[in-house]
*Asks:* 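Quick one: structure below, then a few questions.
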Amino acid sequence: GGGQSPAPAAPPGQPHGEHLQLLLRRSREAKNCAYCPYSRFPVGAALLTAGGEIFSGCNVENACYSLGVCAERTAIQKAISEGHTSFRAMAIASDMGDQFIVPCGACRQVMREFGTDWDIYLTKADGTYIVKRLDELLPLSFGPEDLKK
């Protein structure tokens with residue numbers, strides 16, 4: 001979603017105030033770009049790097065279902081392709097009205113590749129949100145450091 005280049009977002013530290021609102025808004029905007037003709041379940045994500053840039057992504061489905069990709073992984077891949085591997089927060093948006101959107105297990109594991117100490121903002125369609133640390137969403141996880149044991 002959004003433009004081709006990252007937008008400045010927030011100073012170091014966790015997002016708050018207008019910077020948090022920007023992260024949440026970028027996730028909603030990314031949702032509007034979702035390509036989801038099969039599930040009709042648009043999802044957008046906005047990822048805040050340690051350097052304060054935001055990379056957004058949307059889900060992209062495929063007729064061969066297993067080739068689709070989630071919004072969260074799209075945003076991460078965009079950030080990585082631009083040289084960013086340290087993240088502070090991600091906001092996720094969908095059209096679910098009664099529940100907070102949560103990332104799938106595959107996305108949680110991809111997020112985990114880049115640490116457990118960052119915030120995930122889970123939203124509802126009305127804009128309300130809750131915040132979870134990644135280690136809360138994927139407890140007892142396996143990461144790069146486990147390969148060195």
Side-chain angles (χ1 to χ4, degrees), residues 1-10 14-15 19-97 99-125 127-148:
Q4 293 299 312
S5 61
Q14 297 307 324
H19 299 297
L20 173 56
Q21 292 307 313
L22 175 61
L23 186 68
L24 294 167
R25 186 179 81 237
R26 291 284 303 274
S27 71
R28 289 189 305 270
E29 290 170 354
K31 175 183 61 97
N32 294 331
C33 295
Y35 177 76
C36 52
Y38 309 109
S39 71
R40 301 206 189 296
F41 190 79
V43 179
L47 177 65
L48 177 62
T49 70
E53 295 179 275
I54 293 176
F55 289 86
S56 59
C58 61
N59 54 322
V60 180
E61 296 179 348
N62 189 284
C64 180
Y65 292 164
S66 64
L67 296 180
V69 66
C70 298
E72 299 90 332
R73 283 181 278 157
T74 299
I76 289 170
Q77 291 165 356
K78 284 173 66 176
I80 298 224
S81 71
E82 296 295 327
H84 300 273
T85 58
S86 182
F87 308 124
R88 295 196 330 237
M90 177 181 279
I92 307 168
S94 76
D95 290 335
M96 291 175 52
Q99 297 179 36
F100 293 102
I101 184 71
V102 295
C104 74
C107 286
R108 293 175 198 209
Q109 184 62 45
V110 170
M111 292 169 170
R112 168 61 179 92
E113 182 73 10
F114 305 98
T116 60
D117 60 345
W118 43 299
D119 291 331
I120 312 301
Y121 291 81
L122 311 172
T123 70
K124 289 185 184 180
T128 59
Y129 65 87
I130 58 173
V131 183
K132 297 287 183 183
R133 298 294 281 174
L134 185 54
D135 56 5
E136 291 179 88
L137 295 177
L138 191 64
L140 303 173
S141 64
F142 183 86
E145 65 280 358
D146 293 307
L147 295 174
K148 299 174 184 167

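Computed from a predicted model, the values in this text were never measured in an experiment. For the numbers below, each heavy atom of this structure counts, side chains included, while hydrogens, waters and symmetry mates do not.
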*Asks:* Does R88 use its side chain to pair, donor to acceptor, with the backbone of D119 at less than 3.5 Å?
*Replies:*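 No; judged by distance alone, with no hydrogens or angles, the pair does not exist.
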
*Asks:* Kindly indicate, with the supporting measurements, whether the criterion side-chain contact (heavy atoms from CB on, under 4.5 Å) is fulfilled by T74 and N59.
*Replies:* CA-CA 7 Å; T74 299; N59 54 322; over 6 Å; no

*Asks:* With the side chain counted from C-beta on, respond yes when K31 and D95 share a heavy-atom pair under 4.5 Å apart, and no when they do not.
*Replies:*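 Result yes, sub-4.5 Å side-chain heavy-atom pair found.
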
*Asks:* Which side chain to side chain donor-acceptor pair (under 3.5 Å) pairs, counting each pair once, include a residue from residues 32-47, with sequence neighbours left out?
*Replies:*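 Found S39-E61.
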
*Asks:* Looking only at non-hydrogen atoms, find the nearest pair between C107 and R73 and report the distance.
*Replies:*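 It is SG-NE, 3.3 Å.
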
*Asks:* What closest approach, in Å, do A46 and S27 show between heavy atoms, and which atom pair accounts for it?
*Replies:*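 Closest approach of A46 to S27, heavy atoms only: CB-N, 3.6 Å.
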
*Asks:* Tell me if a side-chain donor or acceptor on E82 pairs with a main-chain N or O of Q77 at a distance below 3.5 Å.
*Replies:*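 Judged by distance alone, no pair lies under 3.5 Å.
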
*Asks:* Distance to the ring centre below 6.0 angstrom and angle to the axis at most 45 degrees; does that hold for K124 and F100?
*Replies:*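 Positive - K124 is close enough to the ring of F100 and near enough to its axis.
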
*Asks:* At what distance, to the nearest 0.5 angstrom, does CG of L122 lie from NZ of K132?
*Replies:*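 Result: 7.5 Å between the selected atoms.
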
*Asks:* Are the side chain of S86 and the backbone of A50 linked by a donor-acceptor contact shorter than 3.5 Å?
*Replies:*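 Checking the backbone N and O of A50 against the side chain of S86, no donor-acceptor pair under 3.5 Å is found.
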
*Asks:* Can E145 and R112 be said to form a salt bridge (charged side-chain N to carboxylate O under 4.0 Å, His left out), step by step?
*Replies:* CA-CA 11 Å; E145 65 280 358; R112 168 61 179 92; 2.2 Å; yes

*Asks:* Measure the shortest side-chain to side-chain distance between L138 and Q109 over non-hydrogen atoms and say whether it is less than 4.5 angstrom.
*Replies:*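 They are in side-chain contact.
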
*Asks:* Can you tell me how far CG of N62 sits from SG of C36, rounded to the nearest 0.5 angstrom?
*Replies:*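 So the SG of C36 and the CG of N62 are separated by 13.5 Å.
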
*Asks:* Does any part of the side chain of P103, heavy atoms only, come nearer than 4.5 Å to the side chain of M111, both counted from C-beta?
*Replies:*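 Heavy-atom side-chain distance check passes, below 4.5 Å.
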
*Asks:* Looking only at heavy atoms, what is the nearest atom pair of G115 and L134, with distance?
*Replies:*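 Scanning both residues, the minimum pair turns out to be O-CD2, 3.2 Å.
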
*Asks:* Nearest heavy-atom pair of K78 and S56: which atoms, and what distance?
*Replies:*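 Result for this residue pair: NZ-O, 2.7 Å.
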
*Asks:* About how many Å separate CD of E136 and CD1 of I130, when rounded to the nearest 0.5 Å?
*Replies:*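 Interatomic distance, I130 CD1 to E136 CD, rounded to 0.5 Å: 9.0 Å.
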
*Asks:* Does any non-hydrogen side-chain atom of L147 lie less than 4.5 Å from one of F142?
*Replies:*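 In contact.
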
*Asks:* Do S141 and D135 touch side chain to side chain, with heavy atoms closer than 4.5 Å?
*Replies:*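 Not touching, per the 4.5 Å side-chain cut-off.
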
*Asks:* Can a donor-acceptor pair be found, under 3.5 Å and without considering hydrogens, that links the side chain of R133 to the backbone of I120?
*Replies:*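 No; zero donor-acceptor contacts below 3.5 Å.
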
*Asks:* Testing the basics here: between A30 and G57, what is the closest heavy-atom pair and its distance to 0.1 Å?
*Replies:*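 Closest approach of A30 to G57: CB-O, 3.3 Å.
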
*Asks:* What heavy-atom pair brings Y121 and A89 nearest, and what distance separates the two atoms?
*Replies:*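 Taking Y121 first and A89 second, the nearest heavy atoms are CE1-CB, 3.9 Å.
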
*Asks:* Please confirm whether the backbone N or O of I92 pairs with a side-chain atom of T123, one donor and one acceptor, at under 3.5 Å?
*Replies:*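 Answer holds: yes.
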
*Asks:* Mind checking ring-ring contact (aromatic ring centres under 6.0 Å, His included) for F87 and listing every partner two or more places apart, or none if nothing turns up?
*Replies:*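 In terms of ring-ring contact (aromatic ring centres under 6.0 Å, His included), with neighbours along the sequence ignored, F87 is linked to F114, W118.
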
*Asks:* Go through the steps for L47 and H84 under the test side-chain contact (heavy atoms from CB on, under 4.5 Å), then give the verdict.
*Replies:* CA-CA 11 Å; L47 177 65; H84 300 273; over 6 Å; no

*Asks:* Say you draw a straight line from CE of M96 to CD1 of I101; how long is it, rounded to the nearest 0.5 Å?
*Replies:*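 Going from the CE atom of M96 to the CD1 atom of I101 covers 5.0 Å.
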
*Asks:* Quick one: are D146 and P144 in side-chain contact, heavy atoms under 4.5 Å?
*Replies:*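 When only atoms from C-beta onward are counted, P144 and D146 do not touch, as no gap falls below 4.5 Å.
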
*Asks:* Any chance you could measure Q21, atom CD, to L24, atom CG, to the nearest 0.5 Å?
*Replies:*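 One gets 5.5 Å once the value is rounded to the nearest 0.5 Å.
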
